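These notes are about the structure you will find just below.
The shown structure was predicted, so the numbers you read here are calculated from the model rather than taken from an experiment. In what follows, residues are counted from 1 in the order of the sequence shown.
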Amino acid sequence: MIENQILTFQELRTANVERCENSFKHSINDWSPSDWAMAATGELGELCNLLKKRLRGEDINQQDISHELADTVIYLDLLATRLDIDLAEAVRRKFNIVSERIGSDVKL
């Protein structure tokens, strides 16, 4: 891994599945889609808690926020894998649908 290298959805997917199966010793299918969704939601909740604390004036480390955001994306990728959804294509398609709906020329 090279710092500041652009990460593709496919690179995330490949590494995510490999780490899940080799380091955690279970396959993607060992967890239900609901399990993966709850894991992603848990991480998103942790992110929201940090943002709430920052809004209240607490000194919250930007790196901690970054980590929770990344954890959420990682779990969402595992959920998409479990559901056999190409996350990159799904994001591209939905982004373009919204662009069309709002009259934006910005497309992926």
Could you go through the side-chain contact (heavy atoms from CB on, under 4.5 Å) check for V73 and L12 one step at a time?
-> CA-CA 10 Å; V73 170; L12 174 60; 4.1 Å; yes

With R54 via side-chain hydrogen bond (donor to acceptor under 3.5 Å, both in side chains) - residues at least two apart | Q62

Tightest non-hydrogen contact, residues L108 and R92, listed as C-NH1, 3.3 Å

Separation of E46 CD from T72 OG1 (nearest 0.5 Å) | 8.0 Å

Looking only at side chains, do D35 and S32 share a donor and an acceptor under 3.5 Å apart?
-> yes

To the nearest 0.5 Å, how far apart are CG in L78 and CG in N16?
-> 3.5 Å

Could you pull out the closest heavy-atom pair between I28 and C20, with the gap in Å?
-> CD1-SG, 4.0 Å

State the CG-CG distance between N49 and D64, to the nearest 0.5 angstrom.
-> 11.5 Å

CG of L83 to CG of D86, rounded to nearest 0.5 Å, is 13.0 Å

Could you grab the distance from atom CG of L79 to atom CD1 of I85, nearest 0.5 Å is fine?
-> 7.0 Å

Does the distance from a Lys or Arg side-chain N to an Asp or Glu carboxylate O, for K107 and E100, drop under 4.0 Å?
-> yes

Please check if the side chain of S99 supplies one atom and the backbone of V106 the other of a donor-acceptor pair under 3.5 Å.
-> yes

Should the pair Y75 and W36 be assigned to parallel (<30°), tilted (30 to 60°) or perpendicular (>60°) ring geometry?
-> tilted

Give a yes or no on whether D84 atom CG has more than 12 heavy-atom contacts from other residues, nucleotides or ligands under 6.0 Å away.
-> no

Taking atom CG of L44 and atom CG of D71, what is their separation to the nearest 0.5 Å?
-> 11.0 Å

For D77 and I74, indicate whether the former's side chain and the latter's backbone hold a donor-acceptor pair under 3.5 Å.
-> no

Scanning both residues in full, the closest heavy-atom pair of L87 with R13 reads N-NH2, 3.9 Å

For side-chain contact (heavy atoms from CB on, under 4.5 Å), just list the numbers for F9 and V91, CA-CA rounded to whole Å, side-chain angles, deciding distance to a tenth of an Å, and then say yes or no.
-> CA-CA 10 Å; F9 279 98; V91 168; 4.2 Å; yes

